[in-house]
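Reviewing the structure listed below.
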Amino acid sequence: MTRPRLYSGMQPSADSLQIGNYIGALLQWRDLQEAYEAFFSVVDLHALTQPNDPAELRAKTRRTAAQYIAAGIEPSKSTLYVQSHVAAHAQLQWVLATLTGFGEAGRMTQFKDKSQRYGADATNVGLFTYPVLMAADILLYQTDIVPVGDDQKQHVELTRDLAERFNARYGKAFTVPTPVIQKETARIYDLQNPTAKMSKSAESDAGVLWLLDDPAVSAKKVMRAVTDSEGSVRYDRENKPGVSNLLVIYAALTGRQIPSIEDEYAGRGYGDFKKGLAEVVVGEFGPVRQRALELLDDPAELDRLLAANAAKADEVAEATLADVYDKVGLLRRV
Ligand code: TRP
């Protein structure tokens with residue numbers, strides 16, 4: 001029986017993932033890997049579009065992979081690998097770049113935002129072709145579904161357009177993938193500033209729950225989360241963003257429905273509620289953190305595991321690339 005294919009990836013942009021990545025991506029990936037033949041990559045080539053210290057980039061790449069595994073992505077079930085280990089990504093990216101319109105790439109809102117923020121001279125060409133590399137990631141694996149956050153939807157739409165364009169012009173080489181957009185209830189906000197998305201680049205660390213935080217630190221951040229003066233544990237995103245965010249975290253980590261949690265804490269104060277949530281967070285993150293640290297304790301073993309998974313990815317990717325090279329008319333090296 002062949003399962004449909006799934007592809008997703010995450011940049012190695014921090015030492016630790018945060019609870020937003022965990023709830024928004026990893027928990028879903030962990031469930032989806034049962035029904036799908038899943039490919040998950042640590043997209044280190046994409047990370048090069050931003051300034052990086054080389055030693056740090058390497059360390060973050062290992063740390064990100066270790067956290068995927070610790071969170072339940074099983075390298076024996078799914079293919080979990082480092083993007084730069086599979087040469088076909090950069091190679092297919094070039095072919096797809098020749099099919100992408102300059103204006104088309106220029107309309108990507110993430111590129112427009114970033115280039116506006118940095119200015120034209122500080123904006124590198126890699127940032128411009130970032131979505132084309134992402135399309136190559138997805139199309140190499142004949143992907144059926146791509147689970148991503150809302151901000152990546154436009155990139156998956158571009159991927160679809162490129163796949164259809166190639167297939168129409170040269171004959172069918174690619175499956176046309178479907179984006180699966182993360183639910184609003186999977187979106188996590190900053191604990192100190194609960195109308196802003198929880199982000200690695202938050203102003204204050206107190207608002208961000210890192211997967212690798214010491215459990216005592218996680219508990220303290222939950223206890224200090226911003227709430228409101230009403231005193232009732234009730235979901236109301238408009239008027240009670242802080243409490244609503246905590247309820248979403250509680251529900252996501254326990255698999256419970258929000259109304260059942262509201263009932264449990266009815267008539268009790270925020271102190272009780274936060275204490276309950278702190279226990280949930282520590283109970284969930286504690287073992288994940290421990291497993292990640294164990295994996296990072298033996299980098300040689302982790303690197304071997306990643307190499308074995310890159311070999312699995314290579315097989316699929318090389319077959320697609322060879323077909324593409326043939327179809328566009330590149331002379332085969334005999
Ligand atoms: N651009 C994605 C992000 O920033 C990461 C990514 C790269 C990705 N390649 C991908 C996601 C392929 C899904 C599929 O979140």
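We number each residue from 1, following the sequence as shown. First listed ligand is number 1; within each ligand, the first listed atom is number 1.
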Item to check | His89 and Tyr7 aromatic ring geometry - parallel, tilted or perpendicular at 30°/60° bounds | outcome: tilted
Checklist entry - Without hydrogens or angle criteria, can the side chains of Gln192 and Ser204 be said to hold a donor-acceptor pair below 3.5 Å? => result no
Pairs under 3.5 angstrom, nitrogen or oxygen on both sides, ligand 1 versus protein: list them out, please.
residue, atom, partner, partner atom, Å
ligand 1, 1 (N), Tyr130, OH, 2.8
ligand 1, 1 (N), Gln152, OE1, 2.9
ligand 1, 4 (O), Tyr130, OH, 3.1
ligand 1, 9 (N), Asp137, OD2, 2.7

Next on the checklist: Applying side-chain contact (heavy atoms from CB on, under 4.5 Å) to Asp205 and Trp210, what does each step give before you reach the verdict?
Outcome noted: CA-CA 9 Å; Asp205 192 61; Trp210 301 101; 2.7 Å; yes
Checklist entry - Does the pair Arg165/Glu104 count as a salt bridge with the N-to-O cut at 4.0 Å? => result yes
Item to check | Check: Phe39 ring centroid to Tyr81 ring centroid under 6.0 Å | outcome: no
Next on the checklist: Main chain of Pro215, side chain of Arg289: is a donor-acceptor contact present, judged purely on distance under 3.5 Å?
Outcome noted: no
